[in-house]
Structure formats: structure tokens, C-alpha cells
**Student:** 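Once you've had a glance at the structure underneath, I'll fire off some questions.
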Amino acid sequence: MSTAQSSIREQSDPVEVSWLGTVEYEATWDKQREIATLRADGETGDTLLLLEHPATFTAGKRTQPEDLPADPTTPVIHVDRGGRITWHGPGQLVGYPIIKLADPIDVMDYVHRLEAGIMQTLSELGIDTTRVEGRSGVWCLAEGSLPDRKIAALGIRVQRGVTMHGFSLNCDNSFAGFGSVVPCGIADAGVTSISEELGRDVTVADVRERARENVLAALDGRIDLRPDAVAAPAASAAQATPEAPAAPQIVIPS
């Protein structure tokens, strides 16, 4: 396996990490934009926001009208990241790295580093995960009657060389919200959580410090990126005819 040799960040100063608790999505989105502008202007350093959201659907740039949920009680917020629709809610660790990428900017390297930090976290907890070809995020592969299962989702935006949005890692959240949509537009796979895979309750509080350490280590080139950990999507005759694989959830404005 190859290992990252250098940091992907422009600066070497430590990342400022803030735990925000449970925060409404739009308030956090405003906070991201404020910090990202300051970072692009060189008025602040790199930041990682860690938090939970109340139940919310977020619809990325590729969301189709048929993706939208019928549930009128849960807010649907159209956002400026890539990808389609997904759910956030209690029991899910959300991370928003707001960092200035070093030149030359390599967005896929950044995505792979986020994935690697999450994969390392899950490995330390005893969960085997991988990347799936053509699909962003972190996956548990099909076994027995279970399909491929997404355990962490990624969706990012890069503007003026600064990242926004990030990752969501399912810890002990409910799956009810996911049942209202096709998460990320991928119809032939499922979702899972750390608690579901381990058969015991594992909370956001149990995971967040470990995830913080590993994501920052991956960004700074101190962790194996596991480039060989890529599997083909599992085929299942029991599933409906799948859509084309979703593109990585990335938006890079000009």
C-alpha cells in the first residue's frame, strides 16, 4: 500500500477543531461560508467543525425531482455541494473540514484522504471497509443476504482553493430517514452504521475523537491512503435495476 508523503494542506499550523454539538443545518452552512471566506483571504487558519444535525435532508446539485422525499415533516435544504440527496440526523457524526488546499490542487486526493481517515477509524473499531468503484464514500461489502452498505457519505465543495462540506459517519442513528429517499441516488445498495455492524451501541461521543485524529492524520500525510482498497459494486438480482454509478460528490466552481 502507498502512503501519502506530504500534507495536502497549504499551511502547517495545527487545524483548529471545534465540537459544535447538535446544530441546525443552515446555521452551520452559514458558519462554513464565513470561515471559508476568511480562510481564502488568509485571515484565519484551517478549521474542522464536528457536530450532529437534527433530522434534515440535503439535496446536492445532481438531485432529481423524483429524489425528493414525500415526508413533509423533515426539512429539505438544497445545497451547493455535488451529489444527490442524503439524510442527516442524530447519531451521525458530521465533519466539515474548511482547509486551504496546497498547489497543485488535487480534489480526488483530498476525497481519498477523507475516506482513508474514516476507514482507519472503522478499522480500529473492528469494521472492515473499502471504497467502491464509481461511488464516493466508505462501504461495507455485500455478505450473505446483505448488499453493499454505505457507512459514511462524502460531499464537498472547493472554492478559491478552500474546502467546504465534508463527511457524515453513521454511528447509532436511525435508518428511518434513509427509507424516505434513495441515498445519494444509489438504488442497488443499502446503508449501515457502526452500531449495526458491531451489534452494540456506539455513539458519536464514542467515535468523534478517534475520527478527528485519523482525518487530520490523513490530510497531513501521516496515514495510509489504502489506494488498493477499491471494490466493484455488488450485483444483486433481488434489487431493482440499478442506476448508473453516482459520480463523486464534488463541486469545483470556476
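Residues: numbered from 1 along the sequence shown.
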**Student:** Partners of E209 by side chain to side chain donor-acceptor pair (under 3.5 Å), sequence neighbours excluded?
**Tutor:** R212
**Student:** To the nearest 0.5 angstrom, please state how far the CG atom of L122 sits from the CD atom of E197.
**Tutor:** 9.5 Å
**Student:** So, using side chain to side chain donor-acceptor pair (under 3.5 Å) as the criterion, who are the partners of Q120 when residues are at least two apart?
**Tutor:** E124
**Student:** Show your reasoning for whether salt bridge (Lys or Arg N to Asp or Glu O under 4.0 Å) applies to R160 and D41.
**Tutor:** CA-CA 9 Å; R160 298 176 64 193; D41 291 339; 2.6 Å; yes
**Student:** CZ/R210 to CD1/I118 distance, rounded to the nearest 0.5 angstrom?
**Tutor:** 14.5 Å
**Student:** Side-chain polar contacts of residues 16-23 - donor-acceptor pairs under 3.5 angstrom, sequence neighbours left out - could you list them?
**Tutor:**
none

**Student:** Could you go through the salt bridge (Lys or Arg N to Asp or Glu O under 4.0 Å) check for E196 and R149 one step at a time?
**Tutor:** CA-CA 11 Å; E196 182 77 9; R149 306 169 311 284; over 6 Å; no
**Student:** Step by step, work out the side-chain contact (heavy atoms from CB on, under 4.5 Å) result for V107 and T163.
**Tutor:** CA-CA 9 Å; V107 176; T163 65; over 6 Å; no
**Student:** Rounded at 0.5 Å granularity, tell me how far CG in N170 sits from OG in S195.
**Tutor:** 9.5 Å
**Student:** What do the steps show when you test D46 against K100 for salt bridge (Lys or Arg N to Asp or Glu O under 4.0 Å), and what is the final call?
**Tutor:** CA-CA 7 Å; D46 292 338; K100 183 73 177 290; over 6 Å; no
**Student:** Could you grab the distance from atom CZ of R33 to atom CD1 of I98, nearest 0.5 Å is fine?
**Tutor:** 11.0 Å
**Student:** Less than 4.5 Å apart, side chain to side chain, heavy atoms only: is that true for K150 and V138?
**Tutor:** no
**Student:** Let me confirm one number: the OG1-CD distance from T86 to Q92, rounded to the nearest 0.5 Å.
**Tutor:** 6.5 Å
**Student:** Could you give me the CA-CA distance, side-chain angles and deciding distance for E10 and R39, then say whether salt bridge (Lys or Arg N to Asp or Glu O under 4.0 Å) is met?
**Tutor:** CA-CA 11 Å; E10 181 187 64; R39 182 67 190 95; 3.7 Å; yes
**Student:** Mind checking side chain to side chain donor-acceptor pair (under 3.5 Å) for E24 and listing every partner two or more places apart, or none if nothing turns up?
**Tutor:** none
**Student:** Of all residues at least two apart in sequence or in a different chain, which pass the side chain to side chain donor-acceptor pair (under 3.5 Å) check with D13?
**Tutor:** none
**Student:** First locate atom CD of E34, then atom OG1 of T44, and finally report the distance between them rounded to the nearest 0.5 Å.
**Tutor:** 9.5 Å
**Student:** Sort and list the pairs that fulfil side chain to side chain donor-acceptor pair (under 3.5 Å) and have at least one residue in residues 48-60, not counting sequence neighbours.
**Tutor:** H53-Y96, T58-R81
**Student:** Determine, stepwise, if the pair F167 / V94 fulfils side-chain contact (heavy atoms from CB on, under 4.5 Å).
**Tutor:** CA-CA 6 Å; F167 65 86; V94 175; over 6 Å; no
**Student:** Could you tell me whether the side chain of Y110 reaches within less than 4.5 Å of the side chain of I156, counting heavy atoms only?
**Tutor:** yes
